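Worksheet for the structure shown next.
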2 protein chains.
Amino acid sequence: MSIAYLGPPGSFTQAALSGLGVPPDQAVPYPTVRQALDAVRAGDASAAVVPWENSVEGSVTESVDALTSGRDLRIVGETLLRVQFALGIPTGTPDTPGSTPDGAPDGAPAWLGSVRQVLTHPIAHAQCRTWLGANLPRADVVTTASTAQAAKEVGTAATPGAAAIASPNTLRRYGLRIVADDIGDRHDAVTRFVKVTRPAAATDAPPTGVDRTSLVVPLADKMQHLHTVLQEFARSQVPLTAVLSRPGGCGLGTYSFLLECEGHIDDPGVGVVVASLTRHHSAYLLGSYPRADLGRLALSR
Amino acid sequence: MSIAYLGPPGSFTQAALSGLGVPPDQAVPYPTVRQALDAVRAGDASAAVVPWENSVEGSVTESVDALTSGRDLRIVGETLLRVQFALGIPTGTPDTPGSTPDGAPDGAPAWLGSVRQVLTHPIAHAQCRTWLGANLPRADVVTTASTAQAAKEVGTAATPGAAAIASPNTLRRYGLRIVADDIGDRHDAVTRFVKVTRPAAATDAPPTGVDRTSLVVPLADKMQHLHTVLQEFARSQVPLTAVLSRPGGCGLGTYSFLLECEGHIDDPGVGVVVASLTRHHSAYLLGSYPRADLGRLALSR
């Protein structure tokens with residue numbers, strides 16, 4: 001069966017597929033994270049790959065909310081991808097001969113003045129805020145479901161004055177001319193992607209020795225319980241790797257927590273913690289899966 | 001001296017000013033949260049009012065990041081505002097006589113087909129996702145610094161096909177025609193706004209008996225210390241009201257935590273907790289201030 005991913009083709013998520021062992025001919029692009037996950041829920045796809053966490057902007061809350069709004073999906077794998085951003089404009093945009101698109105506002109090249117609208121994903125926007133503020137302070141920023149979608153729209157419509165922020169490869173794929181490269185605030189930005197299936201399809205992979213476990217603890221307004229929850233991890237010496245608060249949806253001060261830790265649910269320590277949190281705090285498991293290695297990072301260009 | 005707020009005039013933040021006792025003639029609009037806070041830092045404004053937390057979408061991370069990126073500002077007050085969203089289009093958009101803009105996709109009114117672009121703030125966008133998905137699934141969403149900015153742009157440019165999401169009052173202020181009202185996913189959405197000054201200007205208000213204290217604990221990669229941090233609150237029986245993780249900026253798995261609790265730093269319990277966290281975890285205080293009352297909510301229309 002097919003594997004859904006946040007498209008369109010050329011997206012960062014597509015670049016992450018190989019790190020999760022997804023054969024290119026099985027991958028099917030979906031326009032939003034929610035639609036990719038719903039395809040798995042509906043049985044139209046056997047798995048989905050979606051962005052999960054970014055080292056600069058934090059969790060991809062759209063993915064976390066879409067995945068945790070049901071208890072019916074399981075994370076079975078993860079991979080890391082170094083992300084890099086460039087600005088592309090439609091070919092044919094007038095330019096001044098010899099102008100260098102180096103991003104300097106002084107002596108700015110002619111194309112800079114032509115850009116009135118920048119299309120990109122909100123997380124890419126947040127990471128390029130400094131460059132945009134210095135170089136295109138008056139441009140409107142149009143939100144798209146992925147950076148590749150932005151490149152596709154600008155490349156297809158070729159609207160005068162429109163530009164896209166995406167990876168250099170993606171901009172080229174959609175026929176855009178790269179006029180400013182490496183425009184992110186940080187050059188070591190990394191995004192973590194996860195592979196998700198239905199629980200029945202999640203053949204509980206045995207511990208590899210280097211695993212991660214993700215779970216949700218819906219505390220609602222019982223914030224004082226967070227201390228008890230974290231105490232379980234401390235007592236079992238299970239290292240936490242992520243703590244994310246999300247609004248519980250029932251007013252200010254109500255929260256659900258996404259917790260991630262080192263280890264596998266079949267490891268004694270993690271097993272005890274998850275069992276206790278499930279019993280006492282209605283926690284539910286999102287998955288135990290091999291942890292991706294920061295040393296073997298793929299670079300998306 | 002003037003008081004900076006996230007403008008333009010007509011913004012939700014402007015509607016929140018009276019709840020913080022800011023006289024209208026002292027309030028000066030700024031285009032972004034960061035610019036409003038920088039005006040206080042630079043001494044151009046004596047205080048700033050910015051959005052801080054939304055009951056549906058969670059913390060306004062732009063404000064949290066802009067405020068906590070320096071230790072030089074102090075929260076001195078807060079207020080709550082019920083937020084409501086409507087869709088406005090330029091007057092003069094062709095309509096079908098008798099059509100009812102009730103948001104129903106079947107028998108949709110003529111103006112629906114004319115909307116190709118929706119301008120709004122990312123948090124308003126997130127709260128109107130269901131309505132937009134059902135009624136304007138193909139419209140581009142253009143991000144603006146505030147919902148009022150969206151209304152102003154659509155009202156001023158009157159670009160055919162553009163619409164804005166903002167409060168009904170704001171849409172009217174900028175001459176837009178309201179074609180769909182109450183389009184948020186939740187009707188009880190509340191936003192909390194905070195007033196911020198330089199520490200020297202923060203005349204440490206005495207405890208009122210109903211206060212809140214906000215602080216930042218930069219844990220970096222020492223996530224296991226979060227348990228110890230929360231233990232301090234539990235031991236002193238200080239109720240937490242908010243826990244927000246923000247990426248520490250140094251790669252995946254490094255975090256800073258915004259913690260908010262009931263009580264004033266001059267209360268014995270809170271004082272002990274803050275002193276201990278400052279000493280052992282480099283925590284720093286964002287402020288102790290009177291807590292806003294959910295029973296006295298202003299409604300922004």
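In what follows, chains are A, B, ... by sequence order, proteins preceding strands, each numbered from 1. Heavy-atom basis, side chains included; hydrogens, waters and symmetry copies ignored. Bear in mind the structure is a predicted one, so any value in this text is a computation, not a measurement.
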Inset, instruction - Begin from the C-alpha positions of B/Trp131 and B/Leu136 and carry the test side-chain contact (heavy atoms from CB on, under 4.5 Å) through to its verdict. - result: CA-CA 8 Å; B/Trp131 189 90; B/Leu136 293 169; 3.8 Å; yes
Legend entry - Between OG on residue A/Ser63 and CG on residue A/Leu258, distance to nearest 0.5 Å: 11.0 Å
Inset, instruction - For each of B/His125, B/Glu57, B/Glu260, B/Arg192, tally heavy-atom pairs with chain A at distances under 4.5 Å, and name the one with the top tally. - result: B/Glu57
Legend entry - Portion of A/Phe233 that has a non-hydrogen atom of chain B nearer than 4.5 angstrom: neither
Legend entry - Residue A/Asn54 versus chain B: region with a heavy atom under 4.5 Å: backbone
Inset, instruction - Against chain A, work out which of B/Thr32, B/Asp140, B/Asp185 has the most heavy-atom pairs shorter than 4.5 Å and name it. - result: B/Asp140
Legend entry - Spatial distance of atom CG (A/Asp65) from atom CZ (A/Arg34) [nearest 0.5 Å]: 7.5 Å
Inset, instruction - Compute whether any side-chain donor of one residue and acceptor of the other, for A/Gln149 and A/Ser146, lie under 3.5 angstrom apart. - result: no
Inset, instruction - Indicate the ring-plane relationship of A/His225 and A/His281, choosing parallel, tilted or perpendicular according to the 30° and 60° boundaries. - result: perpendicular
Inset, instruction - Check each atom of A/Gln117 against the heavy atoms of chain B and say whether the ones under 4.5 Å are side chain, backbone, both or neither. - result: side chain
Legend entry - A/Thr143 portion near chain B, given a 4.5 angstrom heavy-atom threshold: both
